Structure formats: structure tokens, C-alpha cells
Amino acid sequence: MATTGTAASTSTRDRGSRGPGSGRRRYSPFGTDNLWGNLFLLPWFLGFVGLTFGPMLVSLYLSFTDYPLLSAPSWIGLDNYARMFFHDPRFLQSVRVTLVYVVISVPLELTFALFLALILNRGLAGLGTYRAIYYVPSLLGGSVAVAVMWRQIFSADGLVNRFLAVFGVTGPSWVSSPEYSLYTLIILTVWQFGSPMVIFLAGLRQVPPELYDAASVDGANWWRRFLHVTLPMLTPIILFNLILRTVSAFQSFTGAYIVSGGSGGPSDSTLFYTLYLYQEGFTNFRMGYASAMAWLMFLTVGAVTLVNFFMSRYWVHYESEDR
């Protein structure tokens, strides 16, 4: 009995000397259990560091340098940023063109997408076919071929002017006129309504039917049901589409490059910010200046997104808030 008690006491002291929780297995991200998971994630981490985060840090450094691309960069501090705001009228023109494009094209695209989503939500036969057909422009809209086709449609002897000639109207060369060239690109953007339309259609399918029934009992017509039921329930979807389409509009490049022949003309009327950034970096070989422009755009798009999220608290309705 004494031997047994002594052995139990010794065992208790040994467990106590190892400390509390000593029997638990500690988590280690590099442990044997996580080895395969880490190996599968390794290509993504390498791609993120080598193709995204690393180049971002390099471009941040280059934004403070004079880098003619064919020779080593030299440090010039904030000169690139000072030149953008105080000594480069084409930069200010690109900002103006881009802002006009974003402010006009995004609301028009979302409005047109919501309008068609409401029509398709009325239980049409062959809804899947219509949805696929309307989504095709979103798949093709950013391609070079569509931009070339767009330039031909709005040229002096293009399809639009031929249609107007039937009614005795002589149209201008839309893509060669500074007054109209930007609006042809806005129409091209609105034509790519398929992606937000499909998202709106999915949101409309999630609106509880009993809300419409209750509104009808109260005597609300179609317009009042749309204003007081459909729109409030769609506000999270509207915010989602608004952010996506705004970011996409700021990054627009292909249409402006093809329609203007890479010049941003006529008279810089289609000089998008991204197009001017491309000209400075790869045509004029001012990569330091282009890097500064890229970082300014990154900060601007981030700030606009944050403002949208902040303002959403005043107009976005979430169903869970009523519970």
C-alpha cells in the first residue's frame, strides 16, 4: 500500500511539473497536421508576394523616382506628385474625362440593368435564355473586337448615321467629334449591363412575396410598391453593384484606347486616366511618373469605396435590422 501511494504521489508531481495544459497539443501553422494545407496554399502565397504585393511596393518606390525605363531610377522625392497637380494639364484633363465618364455611365448602367431585371422578373417563358442573351454583352464588352466594331458603328459612314439618313438627318462622325466621342464610350458601357442585371434579378427573387401582398391590400399601385418595397429590399444589391461598377469604370481602358487609336483624341476628349497612365509609362517611358499616377488612382478608388460604405448607413436597408 505504501508503495502504491508513493508511486501515485510521484506521478502526480510529474504531471504538476509539466504545468497546466501540458497534455494539450499546441497549434502550429507549420506543424505536421497543416503541412499539406500549407503546401497547397504555397503557390497562392508566392503569386501574391511575387505578382501583387511585391510589385506594389516596387511601384511605390518608383513613384518617388525619375525612371526612364531604360536606365536606373533616380530619387526625386515628391516631384512626380507636384507635377501631376501643378504642371501637367493633360493629367487634369484625364481626371476630368474619367470623372464625367464614371458619374454618367455608372448610374445609367445600373438603371438600365434594374429596368431589364424588373421585366425579366415578371415570369417570362424561357427566362434562362433571355438572361443568357442579355449577359453576352458583359462577356464581350471589354474585348478589342467589340471596341473596333463600336468605332465602325459610330463613324461618319457607320450604322448610326445610315439609320439617321433614312429620316433625312445627317449625323456627325461621332467618334471624331470632341462633343460626342466620350458619350459613345458611355453608351458602350451601358450596353454591358448583363452582369449587374443578373445580380439584380437574383435580388428580386429574394424579396418576400408577402410584402407585395400587404402593400396591395393597403391599396399601393405598382409604382408605390416599387418605391416602398422593391427598392428598399434591393438597396444592399444596389450598393454591391454600385461599388463593383464604379471600380470597373475607373479602370476602363480598352474602349478608349481602340476608339481613339491610343491617343485619347479627338482633343483629349477620350483621354481616360488609365489611358494617360499607359501613355506616360509605355509610350513616353516615364515609369516613375506612371507609378505615381497608379498610386494616386489606387488611393482615389479606395477613398470612393470607403465613402460609399460610409454613406450606405443612411440609405441601405437590411432586413435583419427590423428583427
Side-chain angles (χ1 to χ4, degrees), residues 84-85 87-113 115-116 136-196 245-284 286 290 293 296-297 300-301 304:
M84 280 192 292
F85 291 105
H87 306 290
D88 189 355
R90 294 198 76 206
F91 166 80
L92 298 178
Q93 171 67 6
S94 70
V95 171
R96 187 191 70 82
V97 170
T98 303
L99 290 178
V100 171
Y101 173 79
V102 172
V103 170
I104 296 178
S105 66
V106 173
L108 284 178
E109 182 183 9
L110 295 185
T111 301
F112 194 58
F115 173 73
L116 285 177
V136 168
S138 291
L139 298 176
L140 302 177
S143 66
V144 174
V146 171
V148 172
M149 179 192 71
W150 213 255
R151 184 174 60 185
Q152 296 300 321
I153 290 175
F154 287 94
S155 63
D157 57 348
L159 185 62
V160 172
N161 284 345
R162 291 181 183 180
F163 175 77
L164 293 176
V166 175
F167 303 95
V169 178
T170 303
S173 178
W174 304 91
V175 295
S176 301
S177 175
E179 293 83 3
Y180 306 110
S181 56
L182 178 60
Y183 297 101
T184 63
L185 297 177
I186 291 175
I187 295 173
L188 174 60
T189 300
V190 175
W191 182 66
Q192 303 169 36
F193 60 86
S195 179
R245 304 318 299 171
T246 299
V247 173
S248 177
F250 272 108
Q251 296 175 342
S252 294
F253 171 80
T254 304
Y257 181 86
I258 298 300
V259 169
S260 68
S263 65
S267 302
D268 288 343
S269 59
T270 60
L271 185 65
F272 284 8
Y273 192 96
T274 52
L275 177 56
Y276 186 48
L277 188 155
Y278 170 83
Q279 291 178 353
E280 287 296 302
F282 297 99
T283 302
N284 300 326
R286 288 193 281 259
M293 289 183 62
L296 180 62
M297 183 178 185
T300 300
V301 173
V304 171

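Keep in mind the model is a prediction, meaning the values are calculated, not measured.
- Aromatic ring centroids of Phe250 and Tyr101 lie 6.0 Å or more apart.
- Taking the six-membered ring for Trp and the full ring otherwise, Tyr273 and Phe91 have centroids separated by under 6.0 Å.
- Judged purely by atom type and a 3.5 angstrom limit, Ser181 has no side-chain atom pairing as donor or acceptor with the backbone of Ser269.
- With hydrogens and angles ignored, the 3.5 Å screen pairs no side-chain donor or acceptor of Ser177 with any backbone N or O of Trp174.
- In this structure, the side chain of Arg162 engages the main chain of Asp157 through a donor-acceptor pair within 3.5 Å.
- The CD atom of Gln93 sits 9.0 Å away from atom OG of Ser267, with the distance rounded to the nearest 0.5 Å.
- Summarising the geometry of Gly262 relative to Gln279, their closest heavy-atom pair is O-NE2, 2.8 Å, with the distance given to 0.1 Å.
- Val144 is listed as a side-chain neighbour of Thr254, based on a closest heavy-atom distance under 4.5 Å.
- Remark: Leu116 CG to Thr111 OG1 distance equals 11.0 Å, nearest 0.5 Å.
- Screening Val148, Leu188, Val175 against Val259 for a side chain to side chain contact (heavy atoms under 4.5 Å, CB included) leaves a single residue, Val175.
- Looking at Met297 and Thr98, their side chains never come closer than 4.5 Å, going by heavy atoms from C-beta outward.
- When atom types are taken as modelled, the side chain of Asp268 and the backbone of Ser94 share no donor-acceptor pair closer than 3.5 angstrom.
- Contact detail for Pro196 and Glu109: the closest heavy-atom pair is CG-OE2, 4.0 Å.
- Of the candidates Tyr276, Phe272, Tyr278, Tyr257 forms a ring pair (Phe, Tyr, Trp, His ring centres under 6.0 Å) with just one, namely Tyr278.
- The CG atom of Leu182 lies 7.0 Å from the CD1 atom of Ile104; values are rounded to the nearest 0.5 Å.
- Atom CZ of Phe163 sits in a sparse spot, with 12 or fewer heavy atoms from other residues, nucleotides or ligands closer than 6.0 Å.
- Leu110 is not listed as a side-chain neighbour of Phe193, based on a closest heavy-atom distance of 4.5 Å or more.
- With rounding to the nearest 0.5 angstrom, the OG atom of Ser263 is 8.5 Å from the CG atom of Leu271.
- The CG atom of Leu108 lies 7.5 Å from the CD1 atom of Ile186; values are rounded to the nearest 0.5 Å.
- In this structure, Ser260 and Gly264 approach most closely via the heavy-atom pair OG-N, 3.0 Å.
- Contact between Gly255 and Ala147 at its shortest, heavy atoms only, is CA-CB, 4.2 Å.
- The two residues Ser105 and Ala249 have their closest heavy-atom pair at OG-CB, 4.3 Å.
- Here OH of Tyr180 is found 10.0 Å from OH of Tyr183. Values are rounded to the nearest 0.5 Å.
- Using a 4.5 Å heavy-atom threshold, the side chains of Leu185 and Thr270 count as touching.
- No side-chain N or O of Ser155 forms a donor-acceptor pair with one of Ser173 less than 3.5 Å apart.
- When all heavy atoms of Thr184 and Trp150 are compared, the closest pair comes out as O-NE1, 2.9 Å.
- Judged by distance alone, the side chain of Asp88 and the main-chain N or O of Arg90 form a donor-acceptor pair under 3.5 Å.
- By the 4.5 Å heavy-atom criterion applied to side chains, Val304 and Thr246 are counted as neighbours.
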